[in-house]
**Q** 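I have a structure here, written as structure tokens, and I will follow up with some questions on it.
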Amino acid sequence: MSENEKNSKNFIEEIIDEDLKTGKYSTVHTRFPPEPNGYLHIGHAKSICLNFGLAEKYNGKCNLRFDDTNPSKEEEEYVNSIIEDIKWLGFDWQERLFFTSDYFDQLYEYALILIKKGKAYVDSLTYEEIKEYRGKPIEPGKESPFRNRSIEENLDLFERMKNGEFAEGDYVLRAKIDMSSPNMNLRDPIMYRIKHETHHRTGNKWCIYPMYDWAHGQSDSIEGISHSICTLEFENHRPLYNWFLDELGIHHPRQIEFARLNLNYTIMSKRKLLELVEGKYVNGWDDPRMPTLSGMRRRGYTPESIRNFADKVGVAKRDSISDVALLEFSLREDLNKRAERRLAVLRPLKIVISNYPENKVEYLDAVNNPENEKAGKRKIPFSRELYIEQGDFQEEPHKKFYRLAPGREVRLRFAYIIKCEEVVKNSEGIIEKLICSYDPDTKSGSGTSNKKVKGTIHWVSAEHSVNAEVRLYDRLFTVENPAGDKEKDFKEFLNPKSLEILNNCKLEPELSEAKIGQYFQFERTGYFVLDSKDSKKDNLVFNRTVSLRDTWAKISRK
RNA sequence: UGCCGGGUCGUCUAAUGGCAGGACAGCGGCCUUUGACGCCGUAUGUAGAGGUUCGAGUCCUCUCCCGGCAGCCA
């Protein structure tokens, strides 16, 4: 990390520094406040890393709070998946797991205070009338005829709303602010609406539920939050956030907005993601192609790589679309250090070493991880019949191709240098196998030969190999900003080749012992993990997390 | 076009009136029993026009462009 990165602070840290300096707040206390109505995605991860990261950095605290004010959309299932995802990312809220619904009683009391101050009233306008009276951004709204009910009447009506005497839509509680404000959020915003629904935590205790604006700031206040960090679309809500707190005269956190994460070649909207799931364009929320944390976990992303990525994209107020290449860089950077190497042939081509004895088997040393000596070595079997990658042989080699070709030599990783003597084809002209010879003096590590070859390729012993299915993933969309087209639906940009299933892969025997959660590098091809859902002991399924950087692919394209 | 916010390399992000820097991506090279990793090098940017100043990405004025706001969603 450069001096620059170490010392430079983002704008939120500068605000916090200032607040600490002036004594506005004495400690940093943040919160991550998801609504339990869907699965977390990489965009949420940025917010999680920001909030928990700030708390860590300033030696403060970060709460987890479920913003569950709308029983029609929220479910227990989501609470559990969100908790699992945040834990997986490696953050800890200790005993500070809260729900906005924990504060429903307090919120009700606060509402009473505002009614008594003449700052809130019960409105009887219909849904449509409220919309009409609110006006438009460019023209002022008008006041409800019920705006000046007496405090007593408001108190009575509000209590009866709470007691379930009215139907949904009959009444709402509104803050009395300014119907002509240029900020729409200040045109007498609704604080409570009637919903005769069962809440996932409070059951049927309530039939009035607070709106986001009424619940959020007060919940922050109750929890003693210092800095309430949210995304840009809440910027226009800040005056209202402040208004409620000022009228109530309670602890006043500072709301700060930042730009949400966007990534190219994918989408971040919950609604659109849901559309992909429900339309079966993907196989569930945890499809490895999804930008959900559950999908990324299943794909083989490490939590560290996501946290590093969140650090690298930074925090600012301008709308932006980050390059998925940076995410993949963070992934490879982490995996390179930790993933054990294995040999695996994805698209097998049989070779026979004609001068190698029929029944001989040698167990050769293979380094588990050149980046980490402690990872040690393992033995891999070598025999007369092997598989190599189809792409590592060219009958008429490209001018810069330095792998196997007729009459050419190449090194087999950890083994011998071999030479292609003969290409055997079937009646249709398809290559069936290669007959090769090996040079016994070139055994890996023996030092008995000075022979150098330009290429080294991976292989597995045919007899000892393990079969597996391997799933290769490509980006889900073919364009950088699939949601950015005003004419076309984002689904028109789905990449038809986002999933490729290979059924005849040959793995070195060690991989039959692979465990879910282990990260592997299949040498020269990429990083892989066992699929946590579909892999079985006798039917191995691996997911390719990400390919290795492939300079050869670039050269060969030219 | 009412209010709010925002425009710095291709992308993301620094600069706090004083050498426009970093990372990723790109390109060129070195190294290599992974065409990986690593290392070295290299090109590319302050939306525009005025002004203040010894000096402006930063301050002022105007223009242009982008985003958000009219749920009893969050």
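Quick note on labels: first sequence line is chain A, next is B, and so on, each numbered from 1.
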**Q** Return the polar atom pairs (N/O with N/O) between nucleotides 39-41 of chain B and the protein under 3.5 Å, or none.
**A**
none

**Q** So what does A/Ser322 hit on the nucleic acid, given a heavy-atom distance under 4.0 Å: a base, only sugar-phosphate, or nothing?
**A** sugar-phosphate

**Q** Nearest to the side chain of A/Leu548, heavy atoms from C-beta on, is which of B/rG6, B/rA36, B/rU33?
**A** B/rA36

**Q** Might you list the N or O atoms of the protein lying below 3.5 Å from N or O atoms in nucleotides 42-47 of chain B, with each pair's distance?
**A**
none

**Q** Could you spell out the base pairing of RNA chain B as a dot-bracket line? Use Watson-Crick and G-U wobble contacts where both distances are under 3.5 Å, [ ] for crossing pairs, | for partners on a different strand.
**A** .((((((..((((....[..)))).(((((.......)))))....(((((..]....))))))))))).....

**Q** Under 30°, 30 to 60°, or over 60°: which ring-plane class applies to A/Trp552 and A/His398, parallel, tilted or perpendicular?
**A** perpendicular

**Q** Using whole Å, what does the distance between atom P of nucleotide B/rG26 and atom CG of A/Leu326 come to?
**A** 12 Å

**Q** Between C1' on B/rA25 and CG on A/Leu327, what's the gap in Å once rounded to a whole number?
**A** 14 Å

**Q** Shorter than 3.5 Å, N or O on both sides, protein versus nucleotides 27-32 of chain B: list them out with atom names.
**A**
none

**Q** So if I take every side-chain heavy atom of A/Arg549 and compare against B/rC37, B/rA14, B/rG10, which nucleotide ends up nearest?
**A** B/rC37

**Q** What is the ring orientation for A/Tyr171 with A/Phe166, classed by angle as parallel under 30°, tilted 30 to 60°, or perpendicular over 60°?
**A** tilted

**Q** Choose from B/rA23, B/rC12, B/rU33 the nucleotide whose nearest atom is closest to any side-chain atom of A/Val313.
**A** B/rC12

**Q** May I ask you to check if A/Arg342 and A/Phe520 form a cation-pi contact, with NZ or CZ under 6.0 angstrom from the six-membered ring centre and within 45° of the axis?
**A** no

**Q** By nearest atom, which of the nucleotides B/rA23, B/rG5, B/rU34 is closest to the A/Arg341 side chain?
**A** B/rU34

**Q** Over how many whole Å does the gap from A/Arg318 atom CZ to B/rA15 atom P extend?
**A** 11 Å

**Q** I'd like to compare against my own output: the B/S/- annotation of nucleotides 67-74 of chain B with a strict under-4.0 Å heavy-atom distance to protein.
**A** SBSBSBBB

**Q** Base, sugar-phosphate, or nothing: which does A/Pro370 touch, judged by heavy atoms less than 4.0 Å apart?
**A** base

**Q** What residues, two or more places apart in sequence or in another chain, satisfy side-chain hydrogen bond (donor to acceptor under 3.5 Å, both in side chains) together with A/Glu143?
**A** A/Arg147

